[in-house]
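Here's the structure, in structure tokens; my notes come after.
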Amino acid sequence: MTRGNKSGPSSSLRLAATSLFAAGGALAGPLKGFEPRPQQRQMAEAVERSLAEGKPLLVEAGTGVGKSLAYLLPSALWAVRENKRVWVSTHTKALQEQLLNKDLPTVQSVLKLAGLDLRFSLLMGNGNYLCLDRLQRAGSLWGGEDARILSTLGDWAKTADTGMRARLPCGVPQPLWETLCRDPDLCLAKGTPLAEKCLYQKDLAFARKAHIVVINHALFFAGPPLKEADALILDEAHTLEDAASRFLGYELSNFSLKRLWDDLFSPETGRGLARRLRNRGLERSVHAARDQTDEFFMMLDSQIRFSDNENQRRLRAPLSGTEGLDSALMSIENQLAEALVSSESNEGESDVRSHLLRVREILNHVRSFSGELLSDHAYWAERSTTRRGPRLSLHGAPVDLAPFLKERIVATYPRAVLTSATLTVGGTFNAARARFGMEACSETILDSPFDFKNHAALFVDPATPDPKTDPAGHESFVLQRCLDLSQVVPGGLFILFTSWSFLERAHTALTGRVGARPLFKQGQEPPSHLLDHFKKAGNGILLGTDTFWQGVDVPGSALSCVVITRLPFTPPTAPLEEARQEWLESQGHNVFSEYTVPRAVIKFRQGFGRLIRSHRDTGAVVILDPRVQTKPYGRVFLKSLPPCRPIAAIQDLAIFFNSIRNSSEKARFADKPERGLA
């Protein structure tokens, strides 16, 4: 793990954002190739004011502003000088890695020049850490390849300074990891000699002494095991609602119940808590619970009645037929409660308590679906096919997140900075303020310093059929246009879809028809590997959906054209979306203009933002949805984009790319030194 330096003497030197980001300022030394950017300095000054005045701040900083340094430097200065703690929360691991391995060391170097020592650390949720005690106890429970992994981990752990999963010397399969990862209910380290060896406690100790602690949104909502921060930076803030919904939501599946029963007692292996306790009664109860689980999910499948092409179904009334599973869970709960009282060791007590809490949580979930359904919640069922067999699950989640976000963020942290490249809709923060419950705050909108007008072209194909009124015609046209673009675009093509089914059909249609271009699709391998292969190809075609609308960073000609096949409206038939829209309507809101369009615009802007990632990047965005020009709300989408070079026809797009190619060749020729005569 990246660690900050130990505390050292402070300095009376009064650095400020204005001087730090100026030409020849403190950043010029540690940051090679540093170029002053007015937008970066303006953002740093806004963050500086927010920290000084104790007032929350919303900042939209376009691609290329350098927002991470713009918030890290002023917050680090404030934290070191005032001996305060700042939490920096992100959505993606990629940004965490950037902060820890690049940006924070740079900030640390700048502060060191002024005699200030910055300490920073990373902290993640419990499930991301290896537990040495569980590792030691797991040795006798696993064989084959898993035993080899356990041996490797055992040797590595003797000198390790962090137990973070991402830093382990080998990959660990998920079933094995669930046996090895830290479970706070099973932790025996607190107050014992084990605490000195515990890798999680080492990371926690560093975090407690750090001025800046990097976390993720999930851990932020759960509450890190630290004293509350004095200031909060929420980067990638456009994802906060989704992260909050996942945190507050819950799920019950046939897989999660099977995993619980296996942990209590597995007839296949003869292992589990019941066998460790030598409790035959608990074994029999687990066996009965398995039968009740099978009956419950068979009943659920017949009660819900999914249609042939349906994988989700909204639940509008309480489920019936849960009595058997409820009774089985209560029986196990009672036996575990009795075993807890009679435990003869701390280890046994923690083991029983952990399983008891899991049983009680699942019992509460079962009752939430069988009791009165809450009007401000969404309930739904999902089905899927996996390698392990059919999966059936129940889900519940609140529909109104603003009160929770307001309480967790603004009410708790007066010094809260929320930032992203995409927070505004139509040039205002109105939608963001409503979603986050931020009535009073400072606002700053900073355009990207990149030259979109000369480097980026925008082609809204006028011949595209409307996907709403002519879905078949639209799909056929999009597939043909993708083939056309593969002949026109010299570099890489990134084609964004709004559904997995259309992505799959497009992959089938394009396979074998794009010449020598490599064709990639999301899901065929891990995202990081897929993007690496796409970058190296240079002229590949990548089909993506959902999460690939954001976070993809491919600078250079390897990504020369982004194709948006359809405006990214969330399907109103998705259970959570449907319930949320119904609730908003019941509160008197105009759902389409106040909720549906703003959410789609944010995702649309994220997709557009994949194109230009550096000052030298050039390329085109192609929109194959005529509604941005034919519908009144389409103006909101186009108004949210930076000014680009308009393209009227696909022939003009070919001319644009030819001009880029010629300009690049001239630049390369001009950069070559002249040869002297022999």
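- The two residues Arg580 and Pro398 make their nearest non-hydrogen contact at NH2-O, 3.5 Å.
- We find the CD1-CE distance between Ile215 and Met124 to be 11.0 Å, quoted to the nearest 0.5 Å.
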Determine, stepwise, if the pair Val172 / Leu130 fulfils side-chain contact (heavy atoms from CB on, under 4.5 Å).
CA-CA 11 Å; Val172 181; Leu130 175 70; over 6 Å; no

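- Gln524 has its side chain within reach of Leu530: a pair of non-hydrogen atoms, C-beta onward, lies under 4.5 Å apart.
- Here the straight-line distance linking atom CG of Leu356 with atom CD of Glu333 works out to 6.0 Å at 0.5 Å rounding.
- Side-chain atoms of Leu340 and Glu349, non-hydrogen and from C-beta on, do get closer than 4.5 Å to each other.
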If you apply the rule side-chain contact (heavy atoms from CB on, under 4.5 Å), what do you find for Asp351 with Leu277, and how did you get there?
CA-CA 10 Å; Asp351 207 1; Leu277 297 176; over 6 Å; no

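- Looking only at distances, no side-chain donor or acceptor of Arg119 sits under 3.5 Å from a matching main-chain atom of His211.
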Stepwise, does the side-chain contact (heavy atoms from CB on, under 4.5 Å) test hold for Tyr71 with Val59?
CA-CA 10 Å; Tyr71 63 67; Val59 183; over 6 Å; no

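- Judged by distance alone, with hydrogens and angles left aside, the side-chain atoms of Arg271 form no donor-acceptor pair with the main-chain N or O of Pro267 at under 3.5 Å.
- Counting only distance, with no hydrogens or angles, the side chain of Thr293 and the backbone of Ala289 share a donor-acceptor pair below 3.5 Å.
- Side chain of Glu236 to main chain of His91: a donor-acceptor pair is present (N/O by atom type, distance under 3.5 Å, no hydrogens or angles).
- Residues Asp262 and Lys258 are paired through a salt bridge, judged by an N-O separation under 4.0 Å between the basic side chain and the carboxylate.
- The distance from atom CZ of Phe296 to atom CG of Leu394, rounded to the nearest 0.5 Å, is 5.0 Å.
- Between Asp235 and Lys67 there is a salt bridge, since a side-chain N of the basic residue sits under 4.0 Å from a carboxylate O of the acidic one.
- Residues forming a ring-ring contact (aromatic ring centres under 6.0 Å, His included) with Tyr250 (at least two apart in sequence, or on another chain): His365, Phe369.
- Gln312 approaches Pro575 most closely through the heavy-atom pair OE1-CD, 3.0 Å.
- In this structure, Glu283 and Asn279 have side chains that are not in contact, with every pair of non-hydrogen atoms separated by 4.5 Å or more.
- In this structure the side chain of Phe297 reaches within 4.5 angstrom of the side chain of Leu257, judged on heavy atoms.
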Could you go through the side-chain hydrogen bond (donor to acceptor under 3.5 Å, both in side chains) check for Thr412 and Glu228 one step at a time?
CA-CA 9 Å; Thr412 307; Glu228 287 285 6; 6.0 Å; no

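- No donor-acceptor pair closer than 3.5 Å links the side chain of Gln550 to the backbone N or O of Gln606.
- The backbone N or O of Leu252 lies less than 3.5 Å from no partner atom in the side chain of Ser256, so there is not a single donor-acceptor pair.
- No hydrogens or angles considered: a donor-acceptor pair under 3.5 Å links the side chains of Glu525 and His533.
- Annotation for Leu122 and Val214: closest pair CD1-O, 3.3 Å, computed over non-hydrogen atoms.
- Side-chain contact between Phe534 and Val552 is absent, with no heavy-atom pair separated by less than 4.5 Å.
- Nearest approach of Gly163 to Trp177, heavy atoms of both residues: O-CH2, 4.4 Å.
- Closest non-hydrogen pair, Ile212 versus Ser75, comes out as CD1-OG, 4.2 Å.
- Here the side chain of Ser285 pairs no donor or acceptor atom with the backbone of Ile332 at under 3.5 angstrom.
- A donor-acceptor pair under 3.5 Å links the side-chain atoms of Ser89 to the main chain of His217, judged by distance alone.
- For the pair Arg182 and Tyr200, the cation-pi criterion (under 6.0 Å, within 45° of the ring axis) is fulfilled.
- Within the model, atoms CG of Leu116 and CG of Leu118 stand 9.0 Å from one another, a figure rounded to the nearest 0.5 Å.
- Two residues are said to be in side-chain contact when any heavy atoms from C-beta on lie closer than 4.5 Å; Leu232 and Phe220 meet this criterion.
- Using a 4.5 Å cut-off on side-chain heavy atoms (C-beta onward), Leu423 and Phe436 make contact.
- Rounded to the nearest 0.5 angstrom, Phe404 CZ and Ile409 CD1 are separated by 8.0 Å.
- Salt bridge annotation for Arg167-Glu97: present, with a cationic side-chain nitrogen under 4.0 angstrom from a carboxylate oxygen.
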Chi angles and distances behind the side-chain contact (heavy atoms from CB on, under 4.5 Å) call for Tyr129, Leu123:
CA-CA 10 Å; Tyr129 290 90; Leu123 192 66; 3.6 Å; yes

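- Of the possible polar contacts, none joining the Arg275 side chain to the Phe265 backbone as a donor-acceptor pair under 3.5 Å is found.
- In this structure, Arg408 forms no cation-pi arrangement with Phe221, as its terminal cationic atom is not both closer than 6.0 Å to the ring centre and no more than 45° off the ring axis.
- By the 6.0 Å contact criterion, NZ on Lys535 is enclosed, its count of non-hydrogen atoms from other residues, nucleotides or ligands being greater than 12.
- Among residues at least two apart or in separate chains, salt bridge (charged side-chain N to carboxylate O under 4.0 Å, His left out) pairs with a member in residues 238-253 are Glu241-Arg435, Glu241-Arg599, Asp242-Arg599, Glu251-Arg391.
- The closest donor-acceptor contact from the side chain of Arg165 to the backbone of Cys181 lies at 3.5 Å or more, if one exists at all.
- Atom CZ of residue Arg613 and atom CG of residue Asp553 lie 4.0 Å apart, to the nearest 0.5 angstrom.
- Looking at heavy atoms from C-beta onward, Leu325 lies out of side-chain contact with Leu363 at the 4.5 angstrom threshold.
- Nearest heavy atoms, Leu176 versus Asp146: CD2-OD1, 3.8 Å.
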